[in-house]
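Worksheet for the structure shown next.
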Amino acid sequence: MSAHTSDDKTMSVKLIVWRQKGPNEPGRFETHLAKGITGHHSFLEMLDVVNEDLIKQGKDPIAFDHDCREGICGTCSTVVNGVPHGGQERTTLCQLHMRKFKDGDAIYLEPWRARAFPIIRDLVVDRGALDTLIQAAGYVSCHTGGVPDANAIPISKPDSDYAMDAAECIGCGACVAACPNGAAMLFAGAKVAQFAALPQGQVEAPERVAAMINAMKECGFGNCTNHYECQAACPKGIDVKFIARLNREFHKALFKAKAGAFIPLVEGE
Amino acid sequence: MILDGKAPTGPIEQSWDKHRFDMKLVNPSNKRKYKILVVGTGLAGASAAASLGELGYNVEAFCYQDSPRRAHSIAAQGGINAAKNYPNDGDSIYRLFYDTIKGGDFRSREADVWRLSQVSNNIIDQCVAQGVPFARDYAGYLDTRSFGGAQVSRTFYARGQTGQQLLLGAYSAISRQIKMGSVKLFPRTEMLDLVVVDGEAKGITVRDLITGEIRVHTGDAVVLASGGYMNVFYLSTNAMGCSVTAIWEAHKKGAFFANPCFTQIHPTCIPQAGDYQSKLTLMSESLRNDGRIWVPKKKEDCTKPANQIAEEDRDYYLERKYPSFGNLAPRDISSRAAKEQCDEGRGVGPGGRGVYLDFRDSIKRFGENVIRERYGNLFEMYERITDENGYQVPMRIYPAPHYAMGGLWVDYNLMSNLPGLFVLGEANFSVHGANRLGASALMQGLADGYFVIPYTIANYLVQTKPGKVKADHAECRKSIDEVKGTMKKLLSIQGNRTPFEFIRELGLLMWNNCGMARSKESLTEAIAKIPAIREEFWKNVKVSGTGAEFNQQLENAGRTADFIEFAELICRDALHRDESCGGHFRVEHQYADGEAKRNDADYAYAAGWEFKGVGKEPELHKEPLKFENIHLAVRSYK
Ligand SMILES: Cc1cc2nc3c(=O)[nH]c(=O)nc-3n(C[C@H](O)[C@H](O)[C@H](O)COP(=O)(O)OP(=O)(O)OC[C@H]3O[C@@H](n4cnc5c(N)ncnc54)[C@H](O)[C@@H]3O)c2cc1C
Ligand code: SF4
Ligand code: FES
């Protein structure tokens with residue numbers, strides 16, 4: 001029952017928030033005071049308090065994306081003090097609690113900023129580009145029905161665990177927001193790696209990696225220059241080793257194409 | 001009217017196979033001409049849209065989130081059931097069927113439950129083929145665990161994120177169809193009305209949540225897979241955007257609402273910390289496999305640190321009361337038992353509203369590493385929220401509103417009483433009766449979407465001419481005008497209270513008067529109070545901004561308005577059902593030991609309610625339930 005007593009004390013924090021009415025409107029910072037906040041408030045509950053106050057004053061509440069508020073849907077997406085999701089290790093913004101802040105703190109709030117994520121309003125951005133990447137090839141092309149018994153193909157526990165480590169990505173886009181190049185390599189790498197580790201996914205592995213790399217370019221994501229800011233920002237602890245896996249899978253695909261295999265989007269010689 | 005569920009007759013083992021054969025098929029070259037509108041992209045909606053797209057239908061899919069991957073199915077933690085019997089521990093399709101009927105306290109339709117149990121095995125096969133990384137043993141085979149209400153180990157899981165992995169599987173399938181052009185996706189789009197033409201569902205009216213545009217989409221059939229309505233209690237385990245709106249609007253257009261009072265309160269949630277709280281977080285019930293639930297025997301021990309309470313002073317009340325199921329007793333029973341202990345003054349934590357979930361013994365037996373491997377993410381989540389370390393001190397849990405067994409009435413084909421309107425997943429009422437067993441909702445959503453609707457929808461479509469209704473139809477224009485009128489009204493009131501304040505007030509009333517325990521008095525009181533909340537809402541709500549922009553307050557206001565209307569229906573249903581069964585506990589009907597007392601003579605039916613106007617008494621239609629394979633019996637988990 002450690003922090004309860006201190007959690008129950010109330011505090012005030014100053015929010016310096018990015019406000020922007022629409023994608024083509026100018027944006028600016030606005031300052032608001034959050035009062036009567038306890039350590040038990042989640043960050044988003046603190047924003048609720050501020051918004052209720054703004055509505056009562058006849059002002060526009062701050063638009064921010066959120067849904068599950070339990071760290072799994074990947075909807076919440078705000079840069080707090082320069083760090084996507086606010087910087088608590090392996091924690092989405094909705095799971096960050098105000099006990100991590102002190103009375104009187106000034107807190108900067110900004111949307112994900114990346115070329116591939118246009119701003120919709122205030123802290124809300126359009127992350128449709130991540131869906132486009134999955135639509136490019138983030139699947140096993142199996143049809144409903146007509147598949148073998150689930151235990152027909154044993155999968156070693158290490159392979160299965162590796163796939164699960166990669167599959168934990170919640171598609172929030174913090175990795176893109178944290179990357180100086182606005183690259184989506186951690187997101188794409190995790191998907192490529194998940195399927196490359198499983199027999200079901202290996203069949204289409206060369207086509208998948210080629211299609212996803214191509215789609216990243218088309219969507220306006222940048223290139224990876226090994227800053228690894230993505231891993232530091234990722235609320236699910238997705239490892240940059242999956243980026244290396246993506247690169248390895250791509251070279252395998254190139255090699256196959258050179259050897260004469262037809263792989264769409266990969267140029268063989 | 002007596003509702004006909006159209007369940008097939010004859011031996012139950014052959015019912016689905018025979019029905020599949022009896023239904024008509026749509027000629028492959030004609031499928032493209034039929035447009036199907038799918039509202040919702042959770043497990044039920046995404047699997048349906050993907051499978052229908054694969055078959056060649058022209059599908060449009062809608063969700064209010066920015067991506068199908070964010071539907072609230074993503075939050076399911078514990079697992080998904082199937083009758084594979086891989087562990088060789090006595091499971092079978094029949095046993096899953098039996099457990100589900102019994103767990104539902106004999107208030108579901110036998111044939112539907114049989115079908116669910118039968119296709120459960122196909123689901124696991126399908127998901128593995130998609131690359132869902134289920135947990136495996138060292139030989140590389142699939143691992144399972146036990147869940148409440150079952151004595152076999154039939155729950156497949158992917159760490160503590162089973163729903164996420166299954167949804168990502170369905171999301172990958174729908175994404176593939178989007179790429180191929182058979183499914184068109186409309187994210188950040190909310191359905192606000194159903195268009196009914198000549199008694200049949202032919203379209204939906206939606207609001208584009210980014211631009212505010214209101215428009216109609218017409219189709220040859222409408223599939224609602226919009227999830228559950230538990231946010232009517234305000235604090236629940238649902239996501240903030242979960243609402244009753246899609247099915248409530250369909251109800252107002254003629255679809256019957258079945259058994260709305262069958263609501264599930266989940267026993268293992270993190271207790272509420274303050275009144276600013278926006279949601280309650282569930283801790284997977286799988287924790288009950290290794291955690292032991294207890295409260296202090298003596299009231300004066302309740303404020304002491306748990307570790308200082310001697311073994312003999314702890315009351316492991318579930319193990320005491322239900323020796324054969326122990327900590328794995330079904331949800332309704334476990335939730336009520338927790339409430340009882342707290343009502344007796346033996347609860348722990350803030351306000352005495354909590355019981356301990358203790359891993360001390362399991363950690364001793366298996367080591368902290370094993371427990372960490374099994375539930376690590378749940379312990380982390382608990383610590384983030386409460387600032388307490390569950391490995392060192394027992395967790396505190398309390399029941400919270402979680403799952404809606406009730407929903408729109410559907411027949412065996414998952415079609416509502418309105419032809420052309422199909423309802424899948426948590427949004428329908430079909431298989432869970434008065435109480436859902438753990439790990440059965442994921443199974444149902446995927447069964448409905450992958451393996452039922454692709455067959456049953458054809459049987460309806462062959463009887464209709466494709467493209468009958470166009471967007472300029474008078475009913476479409478009327479629906480648009482209605483929705484625009486509502487938006488305008490919400491924005492024009494400019495009162496003093498925010499939508500949040502209203503839903504909070506409503507939720508508290510519902511939790512106190514129509515929550516874990518209900519009585520004639522509490523329900524009558526709620527039915528008297530809700531209209532006052534509704535009237536005040538329409539006089540005094542304050543919604544900022546305009547309709548023609550991204551406006552989250554307007555979204556909240558619309559959802560809240562629907563919840564207020566809907567709340568009255570839940571209470572009326574709960575009042576009319578003068579028995580206790582499953583999640584519906586009427587204090588007037590209990591045995592001496594506090595167990596729910598069912599009344600099969602008078603209430604062995606599904607209650608389908610017909611809308612008669614806001615604030616007007618709805619009309620009840622009954623679907624009698626027959627139990628030909630499993631004998632009606634008093635549920636016992638002792
Ligand atoms: C925290 C939690 C844990 C759970 N754990 C388990 C578990 O371990 N095992 C298990 O079997 N079950 C579990 N459940 C239950 C299960 O997850 C749900 O019942 C199930 O996933 C519901 O799926 P669905 O497809 O019906 O709805 P959802 O996944 O809720 O999807 C609803 C969809 O409808 C859309 N929608 C809703 N309204 C509208 C509208 N008006 N317009 C447009 N779109 C709309 C949403 O955008 C969304 O796409 C859990 C539930 C919760 C909340
Ligand atoms: S890799 Fe991490 S940061 Fe990137 S989208 Fe996935 S969960 Fe978010
Ligand atoms: S709101 Fe779902 S992850 Fe934060």
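Throughout, protein chains are lettered first and strands after them, A, B, ... in sequence-line order, and every chain is numbered starting at 1.
Residue pairs meeting the salt bridge (Lys or Arg N to Asp or Glu O under 4.0 Å) criterion with at least one member in residues 49-61 of chain A, sequence neighbours excluded, are Lys21(A)-Asp60(A), Lys56(A)-Glu501(B), Asp60(A)-Arg121(A).
Heavy-atom distances place the side chain of Glu45(A), and not its backbone, under 4.5 Å from chain B. Heavy-atom distances place both the backbone and the side chain of Gln126(B) under 4.5 Å from chain A. Looking at Ala136(A), the atoms closer than 4.5 Å to chain B (heavy atoms on both sides) all sit in the backbone: N, CA, C or O. Residue contact with chain B, scored on non-hydrogen atoms closer than 4.5 Å, involves the backbone and the side chain of Ile55(A) alike. Interface remark: Val125(A) contributes backbone atoms only to the contact with chain B (heavy atom separation under 4.5 Å). For a residue to count as touching a neighbouring chain, one of its non-hydrogen atoms must lie under 4.5 Å from one of that chain's; by this rule Leu198(A) touches chain B with the side chain only. Interface remark: Ser47(B) contributes no atoms to any contact with chain A (heavy atom separation under 4.5 Å). Residue contact with chain A, scored on non-hydrogen atoms closer than 4.5 Å, involves the backbone and the side chain of Asp66(B) alike. Both the backbone and the side chain of His143(A) come within less than 4.5 Å of a heavy atom in chain B. Heavy-atom distances place no part of Asp159(A) under 4.5 Å from chain B, backbone and side chain included. If you measure heavy-atom distances from Asn496(B) to chain A, the contacts under 4.5 Å come from the backbone alone. Contact annotation for Ile210(B): only side-chain heavy atoms (C-beta onward) come within less than 4.5 Å of a heavy atom of chain A. Contacts of Ile62(A) with chain B are made by backbone atoms alone, with heavy-atom separations under 4.5 Å and no side-chain atom involved. Looking at Ala50(B), neither its backbone nor its side chain comes within 4.5 Å of chain A, counting heavy atoms on both sides. Of the two parts of Ser141(A), the backbone and the side chain both hold a non-hydrogen atom closer than 4.5 Å to a non-hydrogen atom of chain B. Residue contact with chain B, scored on non-hydrogen atoms closer than 4.5 Å, involves the backbone and the side chain of His41(A) alike. Contact of Tyr86(B) with chain A is made through the side chain alone, with heavy-atom distances under 4.5 Å.
Contact count against chain B (heavy-atom pairs under 4.5 Å) is highest for Arg90(A) among His66(A), Arg90(A), Lys100(A). Counting heavy-atom pairs closer than 4.5 Å to chain B, the top residue among Gly74(A), Pro199(A), Gly146(A), Ala137(A) is Gly74(A). Ranked by non-hydrogen atom pairs under 4.5 Å with chain A, the options Thr281(B), Ile178(B), Leu282(B) are led by Ile178(B). Per-residue counts of heavy-atom pairs under 4.5 Å with chain B were compared for Gly71(A), Ser156(A), Pro148(A), Gly22(A); the largest is that of Pro148(A). Between chain A and the residues Tyr138(B), Tyr64(B), Tyr450(B), the largest count of heavy-atom pairs under 4.5 Å involves Tyr138(B). Of the listed residues (Pro61(A), Gly36(A), Cys142(A)), the greatest number of heavy-atom pairs within a distance under 4.5 Å of chain B belongs to Cys142(A). Among Lys179(B), Arg188(B), Arg384(B), Glu549(B), the residue with the largest count of heavy-atom pairs under 4.5 Å with chain A is Arg384(B). Among Gln277(B), Gln164(B), Met240(B), Arg70(B), the residue with the largest count of heavy-atom pairs under 4.5 Å with chain A is Arg70(B). Between chain B and the options Val124(A), Ile153(A), Leu130(A), Asp126(A), heavy-atom pairs under 4.5 Å are most frequent for Val124(A). When each of Ile385(B), Asn551(B), Asp137(B), Ile124(B) is checked for heavy-atom pairs under 4.5 Å with chain A, Ile385(B) comes out on top. For the set Cys242(B), Gly241(B), Ser278(B), Ser544(B), the count of heavy-atom pairs under 4.5 angstrom toward chain A peaks at Ser278(B). Top candidate by heavy-atom pairs under 4.5 Å with chain B, chosen from Ala197(A), Gly58(A), Gly201(A), Gly145(A), is Gly145(A).
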Set out, in order, the CA-CA distance, both residues' side-chain angles and the distance that settles salt bridge (charged side-chain N to carboxylate O under 4.0 Å, His left out) for Asp65(A) and Arg127(A), then state yes or no. CA-CA 11 Å; Asp65(A) 249 340; Arg127(A) 285 168 290 184; 3.5 Å; yes
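When the ring pair (Phe, Tyr, Trp, His ring centres under 6.0 Å) test is applied to Phe186(B), the partners found at least two apart in sequence or on another chain are Phe62(B), His217(B).
Counting heavy atoms from C-beta outward, Phe451(B) and Leu446(B) have side chains that stay 4.5 Å or more apart. A heavy-atom distance below 4.5 Å is not found between the side chains of His97(A) and Gln88(A). Inter-residue side-chain proximity for Glu70(A) and Gln77(B) is flagged as met; some heavy-atom pair is nearer than 4.5 Å. For the pair Phe134(B) and Cys127(B), the minimum side-chain heavy-atom distance is below 4.5 Å.
Salt bridge status for Lys236(A) with Glu168(A): absent, with no side-chain N to carboxylate O gap under 4.0 Å. Look at Glu373(B) and Arg159(B) and you find no salt bridge, because none of the NZ, NE, NH1 or NH2 atoms lies under 4.0 Å from a carboxylate O. Taking a cutoff of 4.0 Å between a charged side-chain nitrogen and a carboxylate oxygen, Arg19(A) and Asp122(A) qualify as a salt bridge.
One N or O on the side chain of Gln165(B) and one on the backbone of Ala167(A) form a donor-acceptor pair closer than 3.5 Å. The closest donor-acceptor contact from the side chain of Thr132(A) to the backbone of Gly128(A) lies under 3.5 Å. A side-chain donor-acceptor contact under 3.5 Å links Gln194(A) to the backbone of Gly131(B).
By the 30° and 60° cut-offs, the orientation of the rings of Phe101(A) relative to Phe43(A) is tilted.
In summary, the side chains of Tyr382(B) and Asn389(B) do not present any donor paired with an acceptor at a separation below 3.5 Å, with no hydrogens or angles considered.
Rounding to the nearest 0.5 Å gives a distance of 7.5 Å between CG of Asn122(B) and OG of Ser120(B).
For the pair Arg504(B) and Phe500(B), the cation sits on the ring face: its NZ or CZ lies under 6.0 Å from the ring centre, inside 45° of the axis.
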